[in-house]
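Report on the following structure.
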Amino acid sequence: MEQRPTLHETADIIKIMKNDHRHILALFQVYLGTESDSRQSIVDDILQRLDDHFDWEERLFEEDSRLQEHATPVIRRVLLDHEEVKAMIHELRHAETDDDESMDQFFEDMMQTVRVHFHGEERDLIPLLDAMTTAPRG
């Protein structure tokens with residue numbers, strides 16, 4: 001994963017977060033537009049990008065005590081969402097089934113969970129991050 005800014009360093013984290021969301025959502029559309037037997041590399045890319053995105057966000061949460069003080073309910077909800085999606089990712093990576101249709105449906109369920117999660121982050125978390133990065137540190 002490339003080096004990304006921390007909350008202490010720059011307000012560009014909001015831009016990066018939104019760009020990650022948009023890129024992953026665009027990959028969902030690529031997945032949906034691809035023949036079932038050609039989707040595996042797209043699925044692998046999406047799962048890796050989600051892992052990287054979640055890891056980066058979680059490091060941001062750990063780094064800044066202001067987030068822990070002022071955004072605890074929002075962060076708690078975001079982290080619960082992360083755990084839910086991570087469990088789905090684990091299931092997708094370790095499934096022992098030849099039922100491609102079932103796995104496609106499970107992946108599409110995960111995509112919907114991620115869409116809802118991203119919407120919640122943009123509605124609830126990003127405004128808090130914006131306030132944190134624009135407020136004077138003290």
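The structure presented is a predicted model; accordingly, all values stated were derived computationally and were not measured. The first residue in the sequence is number 1, and the count goes up from there.
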Closest contact, heavy atoms only, [X] versus [Y]:
X	Y	value
Met103	Leu92	CE-CD2, 3.5 Å
His53	Glu57	NE2-OE2, 2.7 Å
Ile42	Val30	CD1-CG1, 3.7 Å
Met88	Asp109	CE-C, 4.0 Å

(message) I'd like to check the side-chain hydrogen bond (donor to acceptor under 3.5 Å, both in side chains) partners of His90; sequence neighbours left out, ordered by chain and number.
(response) His94
(request) Mind checking salt bridge (charged side-chain N to carboxylate O under 4.0 Å, His left out) for Arg115 and listing every partner two or more places apart, or none if nothing turns up? (result) none
(request) Answer yes if the ring centres of His23 and Phe28 are under 6.0 angstrom apart, and no otherwise. (result) no
(request) Give the ring-plane orientation class for Phe61 versus His82, where under 30° counts as parallel, over 60° as perpendicular and anything between as tilted. (result) parallel
(request) Could you tell me how the ring of Tyr31 sits relative to the ring of Phe107: parallel (under 30°), tilted (30 to 60°) or perpendicular (over 60°)? (result) tilted
If you measure from the Lys or Arg side-chain nitrogens to the Asp or Glu carboxylate oxygens, is any gap between [X] and [Y] under 4.0 Å?
X	Y	value
Arg59	Asp55	no
Glu91	Lys86	no
Glu122	Arg22	yes

(request) List in chain and number order the residues that pass side-chain contact (heavy atoms from CB on, under 4.5 Å) with Arg93, two or more places apart in sequence or in another chain; answer none if no residue qualifies. (result) Leu47, Gln48, Asp51, Ile89
